[in-house]
Amino acid sequence: IYCAVCHGRTGEGNGMIVRRGFPAPPSYDLDRLRAAPAGHFVEVITNGYGLMYSYASRVEPADRWAIAAYIRVLQISRTAGLNDAPPDERAKLQKEATP
């Protein structure tokens with residue numbers, strides 16, 4: 001609800017208000033953000049950073065950690081291949097891809 005308007009659905013920094021002229025936030029795919037610990041994202045959500053204001057009053061602490069985990073999943077998904085999936089999930093994916 002709060003993140004996608006600026007960060008976009010995939011974390012590239014191309015949300016709706018960015019497309020309407022608001023300055024773009026950095027992509028989650030930058031090397032420095034890929035290397036950042038999950039706590040960095042929780043800290044930014046809590047206290048704000050740059051043009052982003054604090055969401056401490058809007059997002060509960062447990063949800064901040066869930067968002068940080070989701071950001072990590074978005075980052076990993078950029079470079080993940082089929083062989084990165086667990087064997088049982090890989091088999092399901094291969095079965096679904098077969099016509």
field: Co-members of the apolar cluster containing Val18 [side chain, <4.5 Å]
entry: none

task: Group every Ile, Leu, Val, Met, Phe, Trp and Tyr by side-chain heavy-atom contacts under 4.5 Å, then state whether Tyr53 and Tyr49 land in the same group.
output: yes

- line: The reported gap from NE2 in His7 to CE in Met52 (rounded to nearest 0.5 angstrom) is 5.0 Å

task: Locate the shortest heavy-atom distance separating Arg9 from Tyr70; write the atom from each residue and the value.
output: O-OH, 4.2 Å

task: Flag yes if more than 12 heavy atoms outside Gln94 fall under 6.0 Å of its CD atom; otherwise flag no.
output: yes

- request: Would you check if the side chain of Arg90 reaches a backbone N or O of Ala85 as a donor-acceptor pair within less than 3.5 Å?
  value: yes

field: Nearest-0.5 Å distance, CD1 of residue Ile71 to SG of residue Cys3
entry: 6.5 Å

message: Can you give me the closest heavy-atom contact between Phe41 and Leu33, atom names plus distance?
response: CZ-O, 3.5 Å

- request: Kindly give the heavy-atom pair with the smallest separation between Pro26 and Leu30, and that separation in Å.
  value: CB-CD1, 3.6 Å

- prompt: Under a single-linkage definition using a 4.5 Å side-chain heavy-atom cutoff for Ile, Leu, Val, Met, Phe, Trp and Tyr, are Val73 and Ile67 assigned to the same hydrophobic cluster?
  reply: no

- prompt: Ile1 and Leu74: same hydrophobic cluster, using ILVMFWY side-chain contacts below 4.5 Å?
  reply: yes

- prompt: Heavy-atom distance under 4.5 Å between the side chains of Glu89 and Lys92, does that happen here?
  reply: yes

- prompt: Quick one: does Gln75's side chain have a donor or acceptor within less than 3.5 Å of a partner on Gly11's backbone?
  reply: no

message: Let me check something: do Val42 and Tyr28 share a hydrophobic cluster, defined by ILVMFWY side-chain heavy atoms less than 4.5 Å apart, either directly or through other members?
response: no

- prompt: In chain order, what residues pass the side chain to side chain contact (heavy atoms under 4.5 Å, CB included) check against Tyr2, with sequence neighbours excluded?
  reply: Tyr55, Arg58, Val59

query: Which pairs count as salt bridge (Lys or Arg N to Asp or Glu O under 4.0 Å) when at least one residue sits in residues 18-32, sequence neighbours excluded?
result: Asp29-Arg34

message: Just verifying a value: how many Å separate Glu43 CD and Thr46 OG1, rounded to the nearest 0.5 Å?
response: 6.0 Å

statement: Shortest non-hydrogen pair, Ala68 vs Ala38, comes out as CB-O, 3.7 Å

field: Pairwise distance CD1(Ile45) to CG(Asp63) - rounded to 0.5 angstrom
entry: 9.5 Å

